[in-house]
2 protein chains.
Amino acid sequence: MSNPQSEPTYTIGELAREFAITPRSIRFYEEQGLISPARTGQNRIYCNKDRVRLKLILRGKRLGFSLAEVKNLFELYDTNPDSAVQLETMLQLTEQKRAVLTQQLEDITMLMQELDDVEARCQEELSELKRGNIA
Amino acid sequence: MSNPQSEPTYTIGELAREFAITPRSIRFYEEQGLISPARTGQNRIYCNKDRVRLKLILRGKRLGFSLAEVKNLFELYDTNPDSAVQLETMLQLTEQKRAVLTQQLEDITMLMQELDDVEARCQEELSELKRGNIA
DNA sequence: TATGCAATTTACGTTAACGTAAACCTGAAC
DNA sequence: GTTCAGGTTTACGTTAACGTAAATTGCATA
């Protein structure tokens with residue numbers, strides 16, 4: 001019953017190379033309940049879903065999220081809530097996350113501006129140097 | 001020679017309350033060379049520049065920067081480089097930071113989209129519930 | 001003078017996110 | 001058969017960013 005050319009799978013080493021992290025990290029994410037790959041006896045086999053998860057984990061980390069936070073997001077995404085109460089709380093959660101992201105957007109634009117400032121000052125000084133100023 | 005109404009200053013407790021952090025954190029930032037407030041004998045006195053720095057530190061932290069990174073940015077901003085070489089390396093540094101921020105912008109927009117997805121699914125299910133579906 | 005509050009230094013404790021080392025298995029290649 | 005690359009578990013080490021506790025100090029107020 002197994003598809004002849006079912007789904008692409010990956011070893012831990014492959015994923016580690018692709019995302020430029022160590023196998024140790026990937027195992028750690030599993031230990032924390034963020035991924036749960038299949039096994040061939042001892043060895044881990046990662047499917048596409050696992051790979052996507054890894055990508056999401058790293059994205060979260062780049063934004064300064066903790067692994068617990070990322071796990072939180074996963075559960076948020078995976079859960080298929082049956083009660084209206086659950087749906088409401090989920091909406092509240094997404095709103096919270098959205099607030100964080102909005103704050104980060106603001107932070108980034110302000111930092112970008114400051115980088116512009118620094119850069120502009122540099123460029124100006126450089127052109128002054130080229131004109132051969134001493135005064 | 002001291003201005004009668006020179007500049008607003010702050011105690012460590014005031015700043016801690018304003019930014020919702022502990023005095024311990026503020027002292028720690030000083031220990032790491034990120035701030036260097038004046039003193040009245042033993043006590044620290046923070047001026048406007050110090051306050052701004054604190055704000056910048058927290059902004060950096062929200063973006064997942066380490067304190068060392070933030071310090072790096074400060075030095076970048078403070079240094080008045082005299083040589084063309086220094087100016088060039090500074091431009092390279094700003095470019096690096098800009099790359100990080102750009103990546104974060106992309107990360108955020110993608111996460112936002114996923115939040116949109118989750119939210120849309122929730123809204124739909126909620127309206128279904130309201131219509132009183134069981135099938 | 002005593003009491004209390006806010007600040008200080010010193011130092012050890014803690015959590016998250018891995019790194020690193022040891023000891024083992026295992027299928028493919030030589 | 002052995003070598004070897006890649007994988008496994010177990011366990012202890014490490015770094016960053018503070019928390020927390022203890023002992024001290026200075027100022028204000030009762």
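Naming: A, B, ... by sequence-line order, numbering from 1 per chain. Keep in mind that what you see is a predicted model, and the values were worked out from it rather than measured.
For T22(B) and dC18(D), the shortest distance from a side-chain N or O to OP1 or OP2 is not below 4.0 Å.
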Provide a list of protein-nucleic acid N or O atom pairs under 3.5 angstrom, restricted to nucleotides 3-7 of chain D.
| unit_1 | atom_1 | unit_2 | atom_2 | d |
| --- | --- | --- | --- | --- |
| dG7(D) | OP1 | T11(A) | OG1 | 3.0 |
| dG7(D) | OP1 | G13(A) | N | 2.9 |

Would you tabulate the nitrogen or oxygen pairs shorter than 3.5 Å linking the protein to nucleotides 20-22 of chain D?
| unit_1 | atom_1 | unit_2 | atom_2 | d |
| --- | --- | --- | --- | --- |
| dT20(D) | O4 | R24(B) | NE | 3.0 |

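Within 6.0 Å of atom CD in E124(B), 12 or fewer heavy atoms from other residues, nucleotides or ligands are found, so the atom counts as exposed in its surroundings.
Atom CG in L58(B) sits about 13 Å away from atom P in dA17(D), given to the nearest Å. As a whole-Å value, the separation of L34(A) CG from dA17(C) C1' is 12 Å. The nearest whole Å value for the distance from the CZ atom in R39(A) to the C1' atom in dT8(D) is 8 Å. At whole-Å resolution of the value, CZ in F28(B) and P in dG13(C) are 17 Å apart. When rounded to the nearest whole Å, the span between CD1 of I21(B) and P of dC18(D) equals 8 Å. In this entry the distance linking CD1 of I26(B) with C1' of dA6(C) reads 14 Å, nearest Å. Per the geometry, CD belonging to E31(A) stands 11 Å off C1' belonging to dA17(C), to the nearest Å.
For E75(A), the side chain to side chain donor-acceptor pair (under 3.5 Å) criterion is met by no residue, not counting sequence neighbours. With sequence neighbours excluded, the residues satisfying side chain to side chain donor-acceptor pair (under 3.5 Å) with D116(B) are R98(A). When the side chain to side chain donor-acceptor pair (under 3.5 Å) test is applied to Q86(A), the partners found at least two apart in sequence or on another chain are D82(A). A search for salt bridge (Lys or Arg N to Asp or Glu O under 4.0 Å) contacts involving K61(B) returns nothing, not counting sequence neighbours. In this structure, the salt bridge (Lys or Arg N to Asp or Glu O under 4.0 Å) partners of K97(B), at least two apart in sequence or on a different chain, are E69(B). Legend: residues meeting salt bridge (Lys or Arg N to Asp or Glu O under 4.0 Å) with E106(A), ordered by chain and number and at least two apart, are absent. Listed by chain and number, the residues in a salt bridge (Lys or Arg N to Asp or Glu O under 4.0 Å) with R53(A) are D78(A) (sequence neighbours excluded). The side chain to side chain donor-acceptor pair (under 3.5 Å) check on E30(B) picks up R39(B), R44(B), with sequence neighbours excluded.
Taking the ring axis of F65(B) as reference, the NZ or CZ atom of R59(B) does not stay both within 45° of it and closer than 6.0 Å to the ring centre.
With DNA chain D read from its 5' end, the first of the two nearest nucleotides for I45(A) and Y29(B) is the one closest to I45(A).
For residues 14-24 of chain B, every residue pair satisfying the side chain to side chain donor-acceptor pair (under 3.5 Å) rule, not counting sequence neighbours, is listed here: E18(B)-R51(B), T22(B)-S25(B).
Residues from residues 61-73 of chain B placing a heavy atom under 4.0 Å of any atom in DNA chain D, listed by number, are K61(B), S66(B), L67(B).
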